[in-house]
Number of protein chains: 2
Amino acid sequence: MPHASAPQHDAPRDSPDTTPDAAAGTPPAKARGKAGEKSPRSTARKAVGRPPRISRDDVVRAARRIVDDAGVDALTMRRLATDLGTTPMALYHHVRDKEELLVLLLDDYAAGALRPTGLPDDPVERVLAAAAAIHDALAARPWIAQVLTADDLMAASALWYVEQVVDGLTAAGLSPAQAVHGYRAIWYYTAGEILVRATAARRRAADDRPTYREHVFAGLDPAELPRLSGVAADWAELTAQDTYRDGLRALVTGLVAGR
Amino acid sequence: MPHASAPQHDAPRDSPDTTPDAAAGTPPAKARGKAGEKSPRSTARKAVGRPPRISRDDVVRAARRIVDDAGVDALTMRRLATDLGTTPMALYHHVRDKEELLVLLLDDYAAGALRPTGLPDDPVERVLAAAAAIHDALAARPWIAQVLTADDLMAASALWYVEQVVDGLTAAGLSPAQAVHGYRAIWYYTAGEILVRATAARRRAADDRPTYREHVFAGLDPAELPRLSGVAADWAELTAQDTYRDGLRALVTGLVAGR
DNA sequence: ACCTGAACACCGTTCAAGT
DNA sequence: ACCTGAACACCGTTCAAGT
């Protein structure tokens, strides 16, 4: 199901948008000049002019290929154009800029993530399952981390997961406002885990300056920092363990207990 | 106290390192060629050659100025060189590359953060206070967020905070391993909050595509996503509220309860 | 040892023009 | 309407040379 339900936000002029101001009223500042001045003789919605060679979907698909194959750093407008057999500037007719492309990519990916079948009935367990599902889907692709900071996600196609979390928290006794705040807390924790872990993995892969933390920990003063000195030897092993679900459970438990 | 205790990791050749392999044994891959081949006649540690015009501290200080004044995006090696009255390449004699500079910057900033005086005696409250202190220190500077992903922080000078958290969790009954995992969970939550919030703020400041989320929420199908439809009108207001401490308390409560 | 100058190999994006 | 070509205004970093 490739992003069938993802809304085409900021689609260039061809989206039959229901809200009038999204298409004509107050377009984003950057696009305003272009949209208003560039096509002075487009009097009607007729399909006039050169037929398109590539579509927005083509762009997103090609971008996803690059990112999956070679990482998000390899995604440049120039390479993307080359892969599509066009020029860099042709892309700008389909996406506003690179950041929009990244958000589109994230949406597209979230839409393709599997919705877990048979979520538990118990509210807390349901929250845990939904959060873990979106976490696992995102954590599976390391490039997500770098895109995450470009959007607070939870946009468009990931809303189903958000619904499950908010619903579960409500069923567990939280007020609607508390449930939204609870969802946000879960999202902070989840996004943070993905980002921190992805960075650590990148660091490890580069195998550059690998001994920095060890260096710091080796120089610990047991008198000043006794606890850290005590766990210094095990730190690497302990932090390498995947404890996402444990922390998630603690957070959700605390949210429900503190209602 | 400008990072007096911050270790000079990867300082170029002049650091009298105690661990032999940090200075000579296995230098990072990138630097290996340069370090091994560039100075064939440096037979002793004598201060020979041209006297330095700028120091590593100068570089970090100038970088901090730029970042504080104009944001992290304005920090380029070229501008930094201009501000220091040198050439871009002179900088590379003091820092390995730009990423190291960013990490140095983060360290430097964390070292300058105020340690809260009079931490509470109660273990849970102590954990909350320490975590909130590091959170507030980092959240005060928006550029931190972008640097955070370049390091898992908690390095060097921020260790005091880590000690407080691990100690508090231990005093609350967690095992050393549980305390480390708990600290990690708190760090995920904290880093995630800062990152997500900073991105949202950036988005708002750009006032570009401001209606995307509203657009998505306006198109919600109440039959499919009833909870979200119910809170759609209040979403912006609810998520604008600062609930970092509430979520933190829930997390810590859950960690202690689940021990 | 420390610094400079010039160059390399890129970026994202604008602008004016073509069909 | 859609695409092209050339250019702008940058990047971080390497390399060879100077003092």
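Throughout, protein chains are lettered first and strands after them, A, B, ... in sequence-line order, and every chain is numbered starting at 1. The basis for the numbers below is simple: all heavy atoms, side chains too, and nothing from hydrogens, waters or symmetry mates.
- Distance from the side chain of B/H93 is smallest to C/dC2 among C/dC2, D/dT13, C/dC15.
- Listed by chain and residue number, nothing satisfies the side-chain hydrogen bond (donor to acceptor under 3.5 Å, both in side chains) test with B/E224 (two or more places apart in sequence, or in another chain).
- The residues A/D83 and A/R65 are annotated as not salt-bridged, no charged nitrogen and carboxylate oxygen being separated by less than 4.0 angstrom.
- The same atom, C1', is picked in C/dA9 and in D/dA9; the two are 16 Å apart, to the nearest Å.
- Here A/T76 reaches the OP1 or OP2 of C/dC11: one of its side-chain N or O atoms lies under 4.0 Å away.
- Of the possible polar contacts, one joining the B/H94 side chain to the B/I54 backbone as a donor-acceptor pair under 3.5 Å is found.
- Closest to the A/P52 side chain, of the nucleotides D/dC3, C/dT13, C/dC2, is D/dC3.
- Between the side chain of A/Y161 and the main chain of A/H135, no donor-acceptor pair closer than 3.5 Å is present.
- Taking atom CZ on A/R78 and atom P on D/dA7, their separation rounds to 13 Å, with Å as the unit.
- A donor-acceptor pair is defined here as one N or O able to donate and one able to accept, closer than 3.5 Å; no such pair exists between the side chain of A/D136 and the backbone of A/A139.
- Among the nucleotides D/dT13, C/dT4, C/dC3, the one closest to the side chain of B/D97 is D/dT13.
- A donor-acceptor pair is defined here as one N or O able to donate and one able to accept, closer than 3.5 Å; such a pair exists between the side chain of A/Y109 and the backbone of A/A137.
- A residue-by-residue look at B/M77 and A/M89 shows that A/M89 has its nearest nucleotide of DNA chain D further toward the 5' end.
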Check your understanding: Dot-bracket for DNA chain C: what is it, with Watson-Crick or G-U pairs under 3.5 Å, [ ] where a pair crosses earlier ones, and | for a pair to another strand?
Key -> ||.|||||...|||||.||
